[in-house]
Number of protein chains: 2
Amino acid sequence: MAEILVNMRYDGPERTIAERAYRLLREDIISGALAPGLKLKIEMLRSRYGLGAAPIREALARLSSDHLVKLEGQRGCEVVPMSVKDARDIGDMRKLLEVEALRISIGKGNDEWENALAAAFHRLERLERTIDQGIDDLAEWETLNHRFHKALVAACDSEWLLRMRQLMFDQHERYRRLSRVKTVATRDISLEHRALFEAALDRNAEKAVTVMETHIGRTTDAVVNTFARRELAE
Amino acid sequence: MAEILVNMRYDGPERTIAERAYRLLREDIISGALAPGLKLKIEMLRSRYGLGAAPIREALARLSSDHLVKLEGQRGCEVVPMSVKDARDIGDMRKLLEVEALRISIGKGNDEWENALAAAFHRLERLERTIDQGIDDLAEWETLNHRFHKALVAACDSEWLLRMRQLMFDQHERYRRLSRVKTVATRDISLEHRALFEAALDRNAEKAVTVMETHIGRTTDAVVNTFARRELAE
DNA sequence: GAGAAAGAAAATATCGATATTTTTGTTGAC
DNA sequence: GTCAACAAAAATATCGATATTTTCTTTCTC
């Protein structure tokens, strides 16, 4: 139980079944368990999650505004398809927003921010030193990576910027998961994280921004390459 | 009937009652007919729109992802509150996104784009020359203003950038409506629109960006001023 | 055989009723 | 008078059933 909580991205208590349905569907779409383009039939989801139809419909409605499912009136839903073009677009948008948020955050961060950032960095680094394990570690890596990036921009005071950054981070994650094994293996992300961390603590915004741009750009390139190859293979 | 269609922002046919509920609620929240912070009780909405509970719940779920209603499990919904801080934040975000989209659009726009832009500009200008009428004209002005701004960025090829720009434009509109009378009366928006239009056709991206930044910045300032005064008066 | 029309099957969208939870209001103890 | 416990009322969330729409299959015509 404790183990589950560590890997979960806790978002407050779930008071309703609809919220549960929303979280489950969201995770399964982002992780790829529900394939892009898949038709989401209510009956299928009902039996998959053991929930009623009403909460599932509500969750699908919310996910459609998140642009994770396409909702077509009277014709049901499907998981939003993926494409190379979309991967680039999302990567570029994430770069634009995360860089802006980082710049602001470095300008405004206080001691508390530094401490939380250091904690997040060291937990991530510890894991990255022993990265040659199986799929379980990679799921945990995503979580810690997520927390580190979030800690970097945490001092940004624009709620909308953070909200949109999060949206693009999650969309990007959906693509990252497809090529994650390759990505983790072939480049030294840990080094980039360290550079980000140090530039942030030095309050060197321009340096941090440059590193971040490279960092996100490389991830996007890796994703696009893997994805293009996959599209070709079909 | 034709008149209605002109002023409406047509978004494809409404195949379901839920879609209708979504549009109606959305319009009423953005226009201010449903006040910020208002508790949205299902029964109240049921009688207001003459629709069943299920479609309304679905619409509320979608609106919560659009950040127009706050959905709190087991405790119902309310119209997302407004604040001076939020007004600034939204204005700044809109500036960031719209400027980026404009830069790309000017770089990629072709003849078709120029034509559509010119059409949108002239329709807006014609209306702005006779702006001293009542509330009906102001509603139409919002529509034409909307179309002009959309036409400016239409050649941008990033779907995500356009999507987020639209989101912020709509959020901004909710604030604009509060201070609209003042805004339209006190500064010469028409002149700014002309400058935008001409810079865009000249493919002078830097000039257009500068004008756009001023344009959005002024709107935001006006909104913040009116809103701050209103908050104080309470 | 190709294509249109009709009918059957499946899936979606919606309603009405019910179970749960929160909120409100009242009473009684201190 | 204040607070806590309890009861009543209101509101939300969910279920099961139904109506509507789409999709698939079959049949019939040319």
Side-chain angles (χ1 to χ4, degrees), chain A residues 8 10-29 33-81, chain B residues 8 10-29 33-81:
Chain A
M8 228 166 57
Y10 194 63
D11 253 330
E14 273 164 19
R15 309 182 75 93
T16 67
I17 301 180
E19 278 165 13
R20 199 173 136 74
Y22 176 70
R23 178 179 57 81
L24 289 170
L25 270 163
R26 192 165 202 288
E27 284 174 1
D28 280 351
I29 291 172
L34 294 170
L38 180 70
K39 190 91 201 299
L40 292 173
K41 303 211 179 104
I42 301 286
E43 192 46 47
M44 178 267 236
L45 298 175
R46 247 183 62 78
S47 64
R48 179 185 177 104
Y49 300 113
L51 305 173
I56 287 177
R57 282 190 67 80
E58 196 172 316
L60 290 170
R62 287 175 67 177
L63 289 166
S64 82
S65 274
D66 292 342
H67 214 262
L68 284 170
V69 318
K70 199 171 89 185
L71 193 57
E72 220 169 339
Q74 218 61 282
R75 229 165 291 177
C77 320
E78 64 175 54
V79 179
V80 167
Chain B
M8 229 164 59
Y10 193 65
D11 254 328
E14 272 164 20
R15 309 183 75 93
T16 67
I17 299 179
E19 280 166 12
R20 198 172 135 74
Y22 176 70
R23 178 179 58 82
L24 290 170
L25 271 163
R26 192 165 203 287
E27 284 174 2
D28 280 350
I29 291 172
L34 295 170
L38 180 70
K39 190 90 202 299
L40 292 172
K41 302 208 181 108
I42 300 287
E43 191 47 48
M44 177 269 235
L45 298 174
R46 247 182 63 77
S47 63
R48 179 184 176 104
Y49 300 114
L51 304 173
I56 287 177
R57 281 191 67 79
E58 195 172 316
L60 290 171
R62 288 175 66 176
L63 289 165
S64 82
S65 274
D66 291 343
H67 214 262
L68 284 171
V69 318
K70 199 171 89 184
L71 193 57
E72 220 170 337
Q74 219 61 281
R75 228 164 292 177
C77 320
E78 64 175 54
V79 179
V80 168

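Naming convention: chains lettered A, B, ... in sequence-line order (proteins, then strands); numbering from 1 in each chain. None of these values were measured; they are calculated from a predicted model.
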Let me know the distance between [atom1] of [X] and [atom2] of [N], rounded to the nearest Å.
X        : N       : atom1 : atom2 : value
Arg20(A) : dT14(D) : CZ    : P     : 11 Å
Ile17(B) : dT14(C) : CD1   : P     : 5 Å
Leu51(B) : dG16(C) : CG    : C1'   : 16 Å
Leu71(B) : dT22(C) : CG    : P     : 15 Å
Glu14(A) : dT14(D) : CD    : C1'   : 16 Å

Test side chain to side chain contact (heavy atoms under 4.5 Å, CB included), reference Arg48(B), set Leu34(B), Leu24(B), Leu25(B), output is Leu34(B)

Sorted by number, residues from residues 41-50 of chain A placing a heavy atom under 4.0 Å from DNA chain D are none

Per the under-4.0 Å heavy-atom filter, residues of residues 56-67 of chain B near DNA chain D come out as Arg57(B)

Of the nucleotides [options], which has the atom closest to the [X] side chain?
X        : options                   : result
Thr16(B) : dT22(D), dT14(D), dA13(C) : dA13(C)
Arg15(A) : dT22(C), dT14(D), dT22(D) : dT22(C)
Gln74(B) : dT22(C), dT22(D), dC15(D) : dT22(C)

Rounded to the nearest 0.5 angstrom, the CG-CG distance for Leu63(A) and Leu40(A) is 9.0 Å

Interatomic distance, OG@Ser65(B) vs NE2@His67(A), rounded to 0.5 Å, equals 12.5 Å

Answer whether the closest heavy-atom distance between the side chains of [X] and [Y] falls below 4.5 Å.
X        : Y        : answer
Leu71(B) : Arg62(A) : yes
Ser64(B) : Tyr22(A) : no
Ile42(B) : Leu60(B) : yes

Note: for Arg75(A) and Arg75(B) on DNA chain D, the residue whose nearest nucleotide lies more 5' is Arg75(B)

Note: Ala59(B) and Ala18(B) closest approach over all heavy atoms is CB-O, 4.1 Å

Between Lys39(A) and Ala54(B), the residue closer to the 5' end of DNA chain C by nearest nucleotide is Lys39(A)

Between Glu43(A) and the options Arg46(A), Lys41(A), Lys39(A), the salt bridge (charged side-chain N to carboxylate O under 4.0 Å, His left out) test singles out Arg46(A)

Checklist entry - So, are Glu19(B) and Arg23(B) salt-bridged, with charged N and O less than 4.0 Å apart? => result no

